[in-house]
Every structure is written in structure tokens, then in C-alpha cells.
Engineer: 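Mind having a look at this structure? Questions to follow.
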Amino acid sequence: MKMIRFPVTAPLQSWGEDARWDTRSTAAQPTKSGIIGFLGCCFGYSRGDERLNRLNRGLHIAIRIDRPGQILTDFQTVQGTNGVFMNAEGKPRTGGGTIITPKQYLQYAWFTVFLQGEETLLKECFTAMCHPHWTPYLGRKNCVPSVPVKPEWIEASTLEEAVMSFSEDDLKHSEKNVIVEMDFSQNSELAANERSYRRNDNLIHAEKNEYVSRTVKSYVIQSGGDLP
């Protein structure tokens, strides 16, 4: 069957998953909700557009971490209105009118994303990525891709087979052993070299910005497509 693959890389990218309140952390690899948002920019869907739900339901995603990158923490200061921050009770927050908000980024990471789904939907995604309505970004709007959004068609029977395909450009940027993460059904069995866990990045209501967790599996392959 046909699938889409495309690179995701930039000097800085940030994929919020557990980021709450003052500290804005990043996941170590793109989140599913982040990739759906990336595609939403290409389609011209605004935040909260219900059509994002269709993308989320219709696409299965695999992420290959060709180069993991390093964490950069940017410490920013924020001041409240007239120097006053309000707490949850609507009262002035103790500790002054300025807070420090650490924000994390991934530096110089290189990922390859694989999309599986109904062919009509994949064709729509391919066209949108070739002619993006808005500039797509990698988690935050200041994280613009450093290479053009360049989707490729590949033939594979499963996502497991798809992630084994490396382009010449991939091989230039990949480490010897690379990690793969993809959707996983709890009713399926894990291979000896695989592990499963939960990620809180599955969009359920775009308008209300609500997410639930999903089960993913992860394993390691060698750069070039062989299992280690």
C-alpha cells in the first residue's frame, strides 16, 4: 500500500506533551498531536477546526528518530498586568509580579515521519504539504523547518516495513542505531525487542483542545534498515 514519509528537522523544535503552567517542556520526539497540527497548517486549518479530528482519526503515524538532538532550556521572564499576577482564586499571586518560565527545545534533531491511512486522505495530505496554506512549524511557531516540506510516496505493507526505508539524505544524518515509535494496539503482541508505553498526545476534541493517551510501541533498528 502507499504511504507518505517526510523529514522533520530544524535548529530548534519543541513538542509539548506534559508541558503545564510555568514550565514548558518538550518531548524527545514529535507528538501525534504536533504532527496533526503541522498538517493543519499545510491545509490552512485554524486551531480548534473540527477537520483536525478527521486527520487524527484517519492517520496512523510512525516516527523514526534518526538523530535525537539535545535539550536546550531557555529561561524567560513574564510580568503580570500592572506588575501583578493573579492566582486561581483571583487574588494577587505571592512572590512578586515577575515569574521565570523555562522553555525547552530540541536542538538539531532529525526525524522522519511516516503516515498510513486511506489513500484519498493521504493524497489530500500530500497535496497540502506540497502547497502549504500557512508556514508549518515544529511544535511552536518560532520553530520553522530547516528543510522544505517535501513528502515522498513509498510502498510498504505495514508501518514496520515503511520505517526500514532510508533515503540517501537520511543516511547522512542518521546515527548507527535509531529508535522507532508508532501506534500500537493493546490486543497485539510485542516482539522481544519492543516495548510499549502511553503518550498523552491523542487529539479527541480540537475545539476544546482536549487530548487522551494512546498506546505506542518502540524499538531500535540500524541505520539503513536492519534490525540490530
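Starting from 1, each residue takes its place in the sequence as its number. In this text the structure is predicted, and so the values were computed from the model without any measurement.
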Engineer: Other than Y197, what residues sit in its cluster of Ile, Leu, Val, Met, Phe, Trp and Tyr side chains whose heavy atoms are under 4.5 Å apart, directly or through others?
Structural biologist: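 Reading the cluster by chain and number, Y197 sits alongside V216.
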
Engineer: In Å and rounded to the nearest 0.5 Å, what is the OG1 to CD distance from T73 to Q104?
Structural biologist: 4.5 Å

Engineer: A side-chain contact here means heavy atoms from C-beta on lying under 4.5 Å apart; do F43 and R51 qualify?
Structural biologist: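 No, too far: nothing below the 4.5 Å cut-off.
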
Engineer: Could you go through W153 and I4, starting from their C-alpha distance and side-chain angles, then the distance that decides it, and tell me whether this counts as side-chain contact (heavy atoms from CB on, under 4.5 Å)?
Structural biologist: CA-CA 5 Å; W153 288 108; I4 293 175; 3.7 Å; yes

Engineer: Between W15 and L138, is any pair of side-chain heavy atoms under 4.5 Å apart?
Structural biologist: yes

Engineer: Answer yes if L159 and V180 sit in the same cluster of Ile, Leu, Val, Met, Phe, Trp and Tyr residues linked by side chain heavy atoms under 4.5 Å apart, and no otherwise.
Structural biologist: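 Result: yes, single cluster for both.
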
Engineer: Should F38 and P30 count as side-chain neighbours, where that means a heavy-atom distance under 4.5 Å?
Structural biologist: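 A side-chain contact under 4.5 Å is absent here.
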
Engineer: Testing the basics here: between P7 and V147, what is the closest heavy-atom pair and its distance to 0.1 Å?
Structural biologist: CG-CG2, 4.1 Å

Engineer: Is the shortest heavy-atom distance from the side chain of Q116 to the side chain of D183 under 4.5 Å?
Structural biologist: no

Engineer: How far apart are the C-alpha atoms of L115 and L39, what are their side-chain angles, what is the distance that settles it, and do they pass the side-chain contact (heavy atoms from CB on, under 4.5 Å) test?
Structural biologist: CA-CA 11 Å; L115 302 180; L39 293 171; 4.2 Å; yes

Engineer: Using salt bridge (charged side-chain N to carboxylate O under 4.0 Å, His left out), reason through E124 and R54 one step at a time and then give a plain yes or no.
Structural biologist: CA-CA 12 Å; E124 293 176 11; R54 171 176 173 255; 3.1 Å; yes

Engineer: How long is the straight-line distance from CD1 of I65 back to CD1 of I179, given to the nearest 0.5 Å?
Structural biologist: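 That separation rounds to 5.0 Å.
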
Engineer: Quick one: pull up SG in C41 and NE2 in H133 and give me the separation to the nearest 0.5 Å.
Structural biologist: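 It is 10.0 Å, given to the nearest 0.5 Å.
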
Engineer: Using the rule that Ile, Leu, Val, Met, Phe, Trp and Tyr join whenever any side-chain heavy atoms are under 4.5 Å apart, tell me whether L106 and L12 fall into a single cluster.
Structural biologist: no

Engineer: Looking at CZ of R195 and OG of S218, how far apart are the two atoms once the value is rounded to the nearest 0.5 Å?
Structural biologist: 5.0 Å

Engineer: Under a single-linkage definition using a 4.5 Å side-chain heavy-atom cutoff for Ile, Leu, Val, Met, Phe, Trp and Tyr, are L52 and V149 assigned to the same hydrophobic cluster?
Structural biologist: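 Looking at the clustering, V149 is in the same group as L52.
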
Engineer: Quick check against the 3.5 Å criterion: does N202 have a side-chain atom that pairs as donor or acceptor with the backbone of V212?
Structural biologist: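 Checked: no pair found.
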
Engineer: Can you give me the closest heavy-atom contact between A27 and R199, atom names plus distance?
Structural biologist: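 Heavy atoms only, the tightest pair is CB-NH2, 3.3 Å.
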
Engineer: Treat each ILVMFWY residue as a node, draw an edge where side-chain heavy atoms are under 4.5 Å apart, and state whether I63 and I71 are in one component.
Structural biologist: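 Same cluster.
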
Engineer: Please tell me if the side chains of L121 and L55 come closer than 4.5 Å, counting only heavy atoms from C-beta onward.
Structural biologist: yes

Engineer: Give me the atom names and distance for the closest heavy-atom approach of L122 to M3.
Structural biologist: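 Heavy-atom minimum between the residues: CD1-CA, 4.2 Å.
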
Engineer: Is a side-chain donor or acceptor of N56 paired with a backbone partner of L203 at a separation under 3.5 angstrom?
Structural biologist: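 Such a contact is found between N56 side chain and L203 backbone.
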
Engineer: Would you say the side chain of I61 lies within less than 4.5 Å of the side chain of M182, judging by non-hydrogen atoms?
Structural biologist: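 No. Closest side-chain heavy atoms not under 4.5 Å.
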
Engineer: Once ring-ring contact (aromatic ring centres under 6.0 Å, His included) is applied, do any residues pair with Y137, and if so which ones, sequence neighbours excluded?
Structural biologist: none

Engineer: Please name the pair of heavy atoms, one in F6 and one in K150, separated by the smallest distance, quoted to 0.1 Å.
Structural biologist: CB-O, 3.9 Å

Engineer: Rounded to the nearest 0.5 Å, what separates atom CD in Q29 from atom CD in E181?
Structural biologist: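 Reported to 0.5 Å precision, the distance equals 4.5 Å.
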
Engineer: Should L59 and F126 be regarded as members of a common hydrophobic cluster, given that ILVMFWY residues are connected when their side-chain heavy atoms come within less than 4.5 Å of each other, either directly or indirectly?
Structural biologist: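 Cluster IDs for L59 and F126 match.
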
Engineer: Does K2 have more than 12 heavy atoms from other residues, nucleotides or ligands lying within 6.0 Å of its NZ?
Structural biologist: yes

Engineer: Identify every side-chain donor-acceptor pair in residues 166-175 under 3.5 Å, counting partners at least two apart or on other chains, and give the distances.
Structural biologist:
residue, atom, partner, partner atom, Å
S167, OG, R5, NH2, 3.4
S167, OG, D169, N, 3.4
S167, OG, D170, N, 3.1
S167, OG, D170, OD1, 3.3
S167, OG, D170, OD2, 3.2
D170, OD1, R5, NH2, 3.4
D170, OD2, R5, NH1, 3.1
D170, OD2, R5, NH2, 2.4
D170, OD2, R64, NH2, 3.0
D170, OD2, S167, N, 3.1
H173, ND1, R67, NH1, 3.4
S174, OG, D170, O, 2.7

Engineer: Would you mind reporting whether Y108 and P11 have side-chain heavy atoms less than 4.5 Å apart?
Structural biologist: yes

Engineer: Do any N or O atoms from the side chain of T158 and from the backbone of E161 form a donor-acceptor pair under 3.5 angstrom?
Structural biologist: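 Yes, the answer is positive, given that a donor and an acceptor are paired below the 3.5 Å cut-off.
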
Engineer: Are any non-hydrogen side-chain atoms of L190 and K217 less than 4.5 angstrom apart?
Structural biologist: yes

Engineer: Grab the two heavy atoms, one from A109 and one from Q13, that are nearest each other, plus how far apart they are.
Structural biologist: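 Looks like O-NE2, 3.3 Å.
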
Engineer: Locate the shortest heavy-atom distance separating S146 from A10; write the atom from each residue and the value.
Structural biologist: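 Closest approach of S146 to A10, heavy atoms only: OG-CA, 3.4 Å.
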
